[in-house]
Amino acid sequence: MPTQMELRKWSAEEFQALVLDTKPKVAVFDCDGTLWGGDAGYGFMVWSMEQGLVSRSTSDWIDNRHRSYRAGHVSEEAICGEVVQMYSGLREQELRAAAAQYFNEFVRGHIFPEMVSLVTALREAGVDIWAVSSTNKWVIAEGVRDLGFTEDRILAVEVRVEQGLLTSDLVDVPTDEAKAAALRRVGVTLPDAVFGNSIHDLAMLDMARNPFPVNPSHTLLEAAAKRGWGYFVPKLAEIPVVGFIHE
């Protein structure tokens, strides 16, 4: 069985050539940690509380829930949904504007240039590109728009909207197995290429004809070793992310 030391770490040139040589028709990307550094979902949550977008009681509630999550008492799926449900009652347009401000100030500078180059090459080759994330859809839509992802190709955490107001009714929470399930629901049952950085992306990496770990976490590296996969680490991923984005 391959060990982590035996795993092939691709250079940027090798990585892009490997992807393009598979001649994919459909490519799927995780976002936080894969297209850019850090966790924009958690960062947006912290920033939005600092900005006073939600009440003090809501801030205290989600802070306690997140502490419980980090202690292992709240599931990944539950917390990913709750950090979006916390905005219930606000106007969707307000959240879109806030997401744009947050992303431009704190995340845009951490987008990985190698991934921009790859996505551009795939789009020019006519590949159908999808973004799948357990971060809220407002931040993800803002982040991937300039990369050429259309909103109908974004699967992220979202709640139902009624008359322009956010409800607490969850539409989707794509994380872990639910990422693969979300893809299957939209007819993407065997994507040609999938890119992800964490163990929460493993289910959709496993469903790909060609899985490509990018900036992999330790647990994803272990899974990659068992499967004989290589991996790629963008240059910016080797620089610690500071501010409102956290690994």
Side-chain angles (χ1 to χ4, degrees), residues 1-22 24 27-43 69-72 75-77 79-80 107 110-119 122 129-135 140 143-144 155-156 173-183 190-242 245-247:
M1 178 182 298
T3 66
Q4 180 175 332
M5 295 300 293
E6 295 168 332
L7 279 172
R8 178 69 184 276
K9 182 179 179 180
W10 304 307
S11 69
E13 294 76 16
E14 288 173 324
F15 172 58
Q16 181 153 322
L18 276 170
V19 175
L20 296 179
D21 284 350
T22 66
V28 176
F29 293 83
D30 169 58
C31 300
D32 293 336
T34 301
L35 291 176
W36 51 73
D39 183 345
Y42 177 70
Y69 161 70
R70 294 196 298 272
S75 72
E76 177 79 9
E77 181 180 7
I79 197 66
C80 288
V107 188
H110 298 282
I111 294 176
F112 300 137
E114 301 96 330
M115 299 305 290
V116 175
S117 174
L118 175 62
V119 171
L122 290 172
I129 55 173
W130 290 77
V132 182
S133 176
S134 55
T135 286
I140 296 304
V144 301
L155 305 175
V173 185
T175 187
D176 295 309
E177 291 290 340
K179 286 195 169 189
L183 285 166
L190 188 60
D192 299 298
V194 171
F195 306 83
N197 78 300
S198 84
I199 199 66
H200 304 297
D201 300 316
L202 186 59
M204 69 177 189
L205 285 162
D206 272 337
M207 73 190 293
R209 294 181 189 274
N210 301 284
F212 294 101
V214 174
N215 183 30
S217 65
H218 179 71
T219 49
L220 182 58
L221 267 182
E222 290 180 339
K226 293 176 183 177
R227 291 159 171 77
W229 298 342
Y231 68 102
F232 171 64
V233 180
K235 239 178 225 183
L236 279 181
E238 297 169 359
I239 303 172
V241 176
V242 295
I245 10 183
H246 305 268
E247 295 294 350

Rounded to the nearest 0.5 angstrom, the CG-CG distance for Leu205 and Asp30 is 8.5 Å
Test side-chain contact (heavy atoms from CB on, under 4.5 Å), reference Met207, set Val28, Leu202, Leu190, Leu183, output is Leu183
Fill in: Phe212-Trp229 aromatic ring centre distance below 6.0 Å
no
Practice prompt. Check whether any side-chain heavy atom of Ser133 lies under 4.5 Å from a side-chain heavy atom of Ile140, and answer yes or no.
Written response: yes
What one should report as the nearest heavy-atom pair of Ala224 and Pro213 is CB-CG, 4.4 Å
One should read off an interatomic distance between Cys31 SG and Met115 CE, to the nearest 0.5 angstrom, of 10.0 Å
Margin query: Evaluate Asn210 against Val194 for side chain to side chain contact (heavy atoms under 4.5 Å, CB included), listing each step before the verdict.
Written below: CA-CA 7 Å; Asn210 301 284; Val194 171; over 6 Å; no
Just wondering, do Arg227 and Asp206 contact through their side chains at under 4.5 Å, heavy atoms? yes
Between Ile199 and Ser217 the two heavy atoms that sit nearest each other are N-OG, 3.9 Å
Checklist entry - Side chain of Asp21, backbone of Leu18: donor and acceptor closer than 3.5 Å? => result no
CG (Asp176) and CE (Met204) are apart, to the nearest 0.5 Å, by 10.5 Å
**Asked** Is the CD atom of Glu177 crowded by more than 12 outside heavy atoms at less than 6.0 Å?
**Response** no
In terms of heavy-atom contacts, Val107 and Ala40 come closest through CG2-CB, 4.1 Å
Here the gap from Phe232 atom CZ to Lys9 atom NZ, rounded to the nearest 0.5 Å, amounts to 9.0 Å
Here the gap from Thr175 atom OG1 to Ile79 atom CD1, rounded to the nearest 0.5 Å, amounts to 11.5 Å
Quiz item: Quick check: does any side chain N or O of Gln16 sit under 3.5 Å from a backbone N or O of Glu13, one acting as donor and the other as acceptor?
Solution: no
Exercise. With the side chain counted from C-beta on, respond yes when Phe15 and Leu118 share a heavy-atom pair under 4.5 Å apart, and no when they do not.
Key: yes
When every non-hydrogen atom of Asp39 is compared with those of Tyr42, the smallest separation belongs to OD1-N, 3.1 Å
In Asn215, Val116, Leu236, Val144, the residue satisfying side-chain contact (heavy atoms from CB on, under 4.5 Å) with Trp36 is Val144
The reported gap from CZ in Phe112 to OG in Ser117 (rounded to nearest 0.5 angstrom) is 14.5 Å
Applying side chain to side chain contact (heavy atoms under 4.5 Å, CB included), run through Ile111 and Leu35 and close with a yes or a no.
CA-CA 6 Å; Ile111 294 176; Leu35 291 176; 5.6 Å; no
Practice task
Compare all side-chain heavy atoms of Ser134 with those of Asp32 and state whether any distance is below 4.5 angstrom.
Solution key: no
Side-chain contact, heavy-atom cut-off 4.5 Å: Leu20 with Leu122? yes
Closest non-hydrogen atoms of Tyr231 and Pro216, given as atom of the first, atom of the second and distance, are CD1-CG, 3.6 Å
Review point. Between Phe29 and Phe195, what is the ring plane arrangement, given parallel below 30°, perpendicular above 60°, and tilted in between?
Key: parallel
Between His200 and Lys179 the two heavy atoms that sit nearest each other are O-CD, 3.7 Å
